[in-house]
Structures are given as structure tokens and as C-alpha cells.
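Residue numbers start from 1 in every chain, and the chains themselves are labelled A, B, ... in the order their sequence lines are given, proteins ahead of strands.
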Amino acid sequence: MELLRVDPLTAARRLLGAVLTCRGVSATVVEVEAYGGPPDGPWPDAAAHSYRGPGPRNQVMFGPAGRLYTYRSHGIHVCANVACADDGVAAAVLLRAAVIESGHDVVQRRRGEAVRESAFARGPGNLCAALGITMADNGIDVFAEDSPVHLRLGEAQPCIAGPRVGVSKAADRPWRLWLAGRPEVSAYRRSPRAPAPGGSD
DNA sequence: ACGAAGATGGAG
DNA sequence: TCCATCTTCGTT
């Protein structure tokens, strides 16, 4: 996908407003985080899974743009990224929150009756739970017509940037982007292990 | 081989 | 603030 063959921050901007369709649900992406870049290149990112080189878990980050990179977080949750940049360059954009456009009944069933609509896909783990994305989806091309997880890019939209959530390295780098005025965007929580704000980054 | 930390989320 | 749960990684 040509539009995502760019650095992760630019790709993140292009993914805001994109429509994700998967297993009976479609949703508009409203919050993302950029990750990656070569460790010795112009975009070194100590918080990225790719920072210490390719391995079984993160190999999709090193592949072509437009592939889904899923990983398990804390042994419990599934989180999803879209790989970006050129083939061979490790970079990806984490999908952090979305607005459900259709399939509300399906999402309510998946997330539980007590969950409110604004929290349906708030947070990367909840987003995957709502859309039915699992670890079996790792590596699929989200721009292929017959893909079970499909993405359609939208129009460029004005967005706000701030520090990434939950990372202890490069904690102040403003690589989290979101659309203004959206209640579905997750709350900012700094990692308790991150050094004091304003430290080296 | 062992232990700590982790791109989280929900409860207290 | 704490904990569930398990994989990955750094250290012994």
C-alpha cells in the first residue's frame, strides 16, 4: 500500500479516520500510536517491539506496509498494528481506539452487556475484542479485497498529538495521535516505570 | 535456568 | 494502586 510506505508518524496521520471492517463490525479509527524505525537510523525508537531486531513475534513489522501485526499484551489481550514504511524497515501503527459505525449488537455481545457504547473499542485490547481480531490474524493484508480484516483509508483530518500510553522508554515522544472531540479516545496513562517527564528522549 | 517487565484493562 | 496471566528478554 503506497500511502503507508512512509515513516510511522506520517502513516499514523493517514490511518486516523480510516474505516476498519471485520467480522460483522465496521469502525472508524480515532486514535493511533506510531512505533518503530531502524535502531541506527533517523527514527530510532526504544519503545518499539522491533528495537532489538527481528524475531518470531515482530517479523511483520519488518515486512511490507499494509499487513496486520498482532501481539499478545500481558498474556491476556490482543493488540493490532498496521505495518508501514518500506519492506525491510520495521515500523507500525498501533490501533488504539475506534468508533463503531455498524454491528453494535455484535460488539455488545462480544464486550458484555454492561459496556457502554463510547467504550466499545476504547483502548487497543478492547478494539480487538470488539472487532473480533485474534492472534490468528497476524500478517494478513488489510488492503486485500477478501481479507477478513479490511481497512479503507479516509480523508485527512486535523488531529492532536501527545505522548504514547504505557511506554517506559521514549515516554515523552508525542507519537500518539487522535481526532479532537471524540469521547471514544482512551485516557492518557504514563507508565509508572517511565522516568520523570521532560527527561532525555 | 530464573526473574522481571510488558505498546492493557478492570476493580478497589 | 494492584493484580491477572504468559511471553519475551536480560542476567546468572
Can you tell me how far [atom2] of [N] sits from [atom1] of [X], to the nearest Å?
| X | N | atom1 | atom2 | result |
| --- | --- | --- | --- | --- |
| A:Arg164 | B:dT8 | CZ | C1' | 16 Å |
| A:Leu127 | B:dG9 | CG | C1' | 14 Å |
| A:Arg110 | B:dG9 | CZ | P | 17 Å |
| A:Ile76 | C:dC3 | CD1 | C1' | 9 Å |
| A:Met135 | C:dT5 | CE | P | 18 Å |
| A:Leu95 | B:dA7 | CG | C1' | 12 Å |
| A:Arg193 | B:dG3 | CZ | C1' | 12 Å |
| A:Arg72 | B:dA5 | CZ | C1' | 18 Å |

Open item on the list: Could you check whether A:Ser186 and A:Arg96, counting side-chain N and O atoms only, form a donor-acceptor pair closer than 3.5 Å?
Closed with: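 Yes, a side-chain donor-acceptor pair sits under 3.5 Å.
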Task: Donor on one side chain, acceptor on other, A:Thr28 and A:Glu101, under 3.5 Å - done: yes
TODO: Identify whether a stacking contact exists between A:His77 and B:dT8, where the ring centres must be under 5.5 Å apart and the planes under 30° apart.
DONE: no
- [ ] Would you please determine if the base of B:dA7 is stacked by A:Tyr71, with stacking meaning a centroid separation under 5.5 angstrom and planes under 30 degrees?
- [x]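 Stacking is absent between B:dA7 and A:Tyr71, given that the ring centres and planes do not meet under 5.5 Å and under 30°.
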Open item on the list: For the residue pair A:Arg176 and A:Trp178, would you count it as a cation-pi contact if the rule is NZ or CZ under 6.0 angstrom from the ring centre and within 45 degrees of the ring axis?
Closed with: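 Yes, a cation-pi geometry holds between A:Arg176 and A:Trp178.
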Task: A:Tyr35 six-ring centre to A:Arg164 NZ/CZ under 6.0 Å and within 45° of normal - done: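 Yes, A:Arg164 lies over the aromatic ring of A:Tyr35.
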Open item on the list: B:dG6, OP1 or OP2 - any side-chain N/O from A:Ser168 closer than 4.0 Å?
Closed with: yes
TODO: Using a cut-off of strictly less than 4.0 Å, decide whether A:Arg173 has a side-chain nitrogen or oxygen near OP1 or OP2 of B:dA7.
DONE: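 So the side-chain polar atoms of A:Arg173 never come under 4.0 Å of the phosphate oxygens OP1 or OP2 of B:dA7.
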Counting the atoms with a prime plus P, OP1 and OP2 as sugar-phosphate, which does [X] contact under 4.0 Å by heavy atoms, base, sugar-phosphate, or nothing?
| X | answer |
| --- | --- |
| A:Arg111 | sugar-phosphate |
| A:Met61 | base |
| A:Asn126 | sugar-phosphate |

TODO: Write down the partner of C:dA4 under the Watson-Crick or G-U wobble criteria, each distance required to be under 3.5 Å.
DONE: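 Partner of C:dA4: B:dT8.
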Task: G-U wobble or Watson-Crick pairing nucleotide for C:dT11 (cut-off 3.5 Å, both distances) - done: B:dA1
TODO: With rounding to the nearest 0.5 Å, note down the distance linking CG in A:Leu131 to OG1 in A:Thr21.
DONE: 8.5 Å
Task: Nearest-0.5 Å distance that lies between atom CZ in A:Arg111 and atom CG in A:Leu127 - done: 9.5 Å
Open item on the list: Taking the nucleotide of DNA chain B with the nearest heavy atom to each, does A:Val115 or A:Tyr35 sit closer to the 5' end?
Closed with: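 This one resolves to A:Tyr35.
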For nucleotides 9-12 of chain C, print each protein N/O atom paired with a nucleotide N/O atom at under 3.5 Å, atom names and distance only.
unit_1, atom_1, unit_2, atom_2, d
C:dG10, OP1, A:Arg52, NE, 2.7

- [ ] State whether A:Asp141 and A:Arg67 are salt-bridged, where the test is any N-O pair (Lys NZ or Arg NE/NH1/NH2 against Asp/Glu carboxylate O) under 4.0 Å.
- [x] no
Task: Parallel, tilted or perpendicular: rings of A:His104 and A:Phe120 (30°, 60°) - done: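 Correct class here is tilted.
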Task: Closest nucleotide among B:dA7, B:dT8, B:dG10 to the A:Arg189 side chain - done: B:dG10
Open item on the list: Can you check the distance between B:dA1 and C:dT5, where both ends of the measurement are the P atom (answer in whole Å)?
Closed with: 25 Å
